[in-house]
Amino acid sequence: MSPSPRQLASLRRNLLAWYRANRRDLPWRRGRDPYRIWLAEIMLQQTRIAAVLPYYERFLERFPNVRELARARESEVLKYWAGLGYYSRARNLHRAAKIIVQDHCAQFPRELKQALALPGIGPYTAAAILSIAFDVPLAALDGNVARVLARLFAVRGDLRAPTTWRKLAAAAQTLLPSRTSGDWNQAMMELGETICTPRSPNCAACPIARHCKARALGIAEKLPAARQKRAPANVHIAAAVLVDTRGNTLLTKIPGAHDSVLFSRLWQFPAVAIASNGNSKRDPAQGSVHHSANSAADKLAEHLRASLGIPEQALTPLPVAAHTVTFRRITLAPFLARVSRLPKRPCCRTLPLAKLARLPISSATKKIARVAINALAQ
Ligand code: SF4
């Protein structure tokens, strides 16, 4: 994986010229404010650019700099993140902002070691921010860049295997120009996102095609080797939508008897896991769950009583909704309970069912609310 100095110079020249002529106009590329670059890098983790754009602008309007972010309450930060998922990113961003203000005079640290000490910043993110904001010569290696390198040097096998990843990291650092490392890293990412895509790489339009071993060998589309996917897990959740006569409902922060990742530790309807891994089947055509609705209601009623002290309610099953979080295929089974008055409990909030967005809530909670609102409108 070591091109000759001449090849290296040509490869760098071609890729940088292509990037400067073709780079997409993205909001975090206008200027070199480390705060804006940092925010973009965190939002883009596991999320597509198109999905990030509206959140990015809205977040920056409310938190235009690191001081504003550090000053904010976590609940407000989560509210502006709501819908993007992976909420630990927002919590870490907020914690890191406080550290930057307290320990670094509100300046993003330029030292790799200090950057890595911040919550939510790993080697890739640190290298991306430091190179793009300050041209620190650090190669940023993510999945897109790894794929480009694997094809460029015809690397076979699982790229995430530790020894292979280390070799790719070394190759990425070798290719990195000592100056303009920010442009270089972005050029590699841009190539992976727009030309050297996972399926059907557009080699005819590739600025570094003549250096590419996989192309020369005719195996570009076969690399990298497919990774073994984790088997999906089926999860079934029953959730109680309590609604009073004024259309208010109750959300809680008390986790139900279910995997806490499902509602991202945000405000949620009281909920409980009723089955997992194929113990029951969703029938999308009928919008129902083939486990016993009665047993689910019983379990939910028991949860309401034991965790929230809510006495037995008549729980009416509503249509189920499908949801996915990483490898989990979740069936959300909402139950409606009409009550004359919502109980007041610690760690609970009451608010209009139609205005849940006032609180940070996950996409799963939004789906449950939509089902309930539709049912109440009929
Ligand atoms: S030639 Fe094709 S496979 Fe090689 S780097 Fe370019 S797009 Fe990727």
Side-chain angles (χ1 to χ4, degrees), residues 87 231-244 247-351 353 356 359 361-376 378:
Y87 292 87
N234 294 318
V235 180
H236 298 258
I237 300 284
V241 183
L242 302 158
V243 181
D244 71 7
N248 289 327
T249 192
L250 177 140
L251 296 186
T252 179
K253 278 237 172 148
I254 299 171
H258 57 73
D259 188 341
S260 63
V261 80
L262 300 182
F263 296 102
S264 310
R265 294 191 285 132
L266 302 174
W267 291 100
Q268 62 166 85
F269 292 106
V272 66
I274 50 178
S276 61
N277 280 328
N279 293 342
S280 57
K281 289 181 191 152
R282 183 168 69 227
D283 180 347
Q286 294 183 16
S288 62
V289 177
H290 290 306
H291 57 70
S292 157
N294 285 343
S295 70
D298 288 350
K299 209 166 171 186
L300 189 57
E302 172 57 22
H303 173 64
L304 290 173
R305 193 193 56 71
S307 300
L308 296 161
I310 296 173
E312 193 151 333
Q313 306 289 331
L315 294 166
T316 309
L318 300 177
V320 299
H323 190 63
T324 305
V325 177
T326 58
F327 62 92
R328 299 171 191 83
R329 291 196 309 213
I330 305 156
T331 300
L332 301 166
F335 286 79
L336 182 67
R338 294 173 189 268
V339 295
S340 53
R341 192 186 300 169
L342 290 165
K344 291 204 184 323
R345 298 279 182 272
C347 292
C348 292
R349 293 276 289 271
T350 58
L351 72 169
L353 178 60
L356 296 192
L359 293 177
I361 56 173
S362 69
S363 306
T365 300
K366 279 184 197 159
K367 280 185 187 172
I368 294 169
R370 256 198 309 275
V371 170
I373 289 168
N374 288 342
L376 286 165
Q378 285 168 7

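The residues of the chain are indexed from 1 along the displayed sequence.
Closest heavy-atom contact between Ala238 and Phe335: CB-CE1, 3.9 Å. A pairwise comparison of heavy atoms in Lys367 and Ala322 identifies NZ-O, 3.0 Å as the closest pair. Among all heavy-atom pairs drawn from Ala372 and Leu353, the shortest one is CB-CD2, 4.1 Å. The two residues Val320 and Pro334 make their nearest non-hydrogen contact at CA-CD, 4.2 Å. Ile274 and Lys299 get closest at one heavy-atom pair: CA-NZ, 4.2 Å. The heavy-atom pair separating Val371 from Ala321 by the smallest distance is CG2-CB, 4.2 Å.
The number of heavy-atom neighbours closer than 6.0 Å to CZ of Arg345, taken from other residues, nucleotides and ligands shown, is above 12.
A 4.5 Å side-chain heavy-atom check between Ile237 and Ile330 finds at least one atom pair inside the cut-off. Using a 4.5 Å cut-off on side-chain heavy atoms (C-beta onward), Val235 and Thr331 make no contact. A heavy-atom distance below 4.5 Å is not found between the side chains of Pro343 and Leu308. Inter-residue side-chain proximity for Leu242 and Phe269 is flagged as unmet; no heavy-atom pair is nearer than 4.5 Å. Here the side chains of Asp244 and Ser340 are not in contact, with every heavy-atom distance at 4.5 Å or above.
Looking at Ile368, Leu251, Leu376 one by one, the single match for side-chain contact (heavy atoms from CB on, under 4.5 Å) with Val241 turns out to be Ile368.
Rounding to the nearest 0.5 Å gives a distance of 12.0 Å between CH2 of Trp267 and CD1 of Ile361. Considering CG of Asn248 and CG of Leu342, their distance stands at 6.5 Å, rounded to 0.5 Å. Between Thr252 atom OG1 and Gln268 atom CD the span is 6.5 Å, to the nearest 0.5 Å. The NE2 atom of His323 sits 6.5 Å away from atom CG of Leu332, with the distance rounded to the nearest 0.5 Å. Going from atom CG of Leu356 over to atom CD1 of Ile373 covers 6.5 Å, rounded to the nearest 0.5 Å. Atom CG of residue Leu315 and atom CG of residue Leu336 lie 8.5 Å apart, to the nearest 0.5 angstrom.
Side-chain atoms of Arg329 do not come within 3.5 Å of backbone N or O of Asn234 as any donor-acceptor pair.
With respect to the salt-bridge test (charged N to carboxylate O, under 4.0 angstrom), the residues Arg305 and Glu302 qualify.
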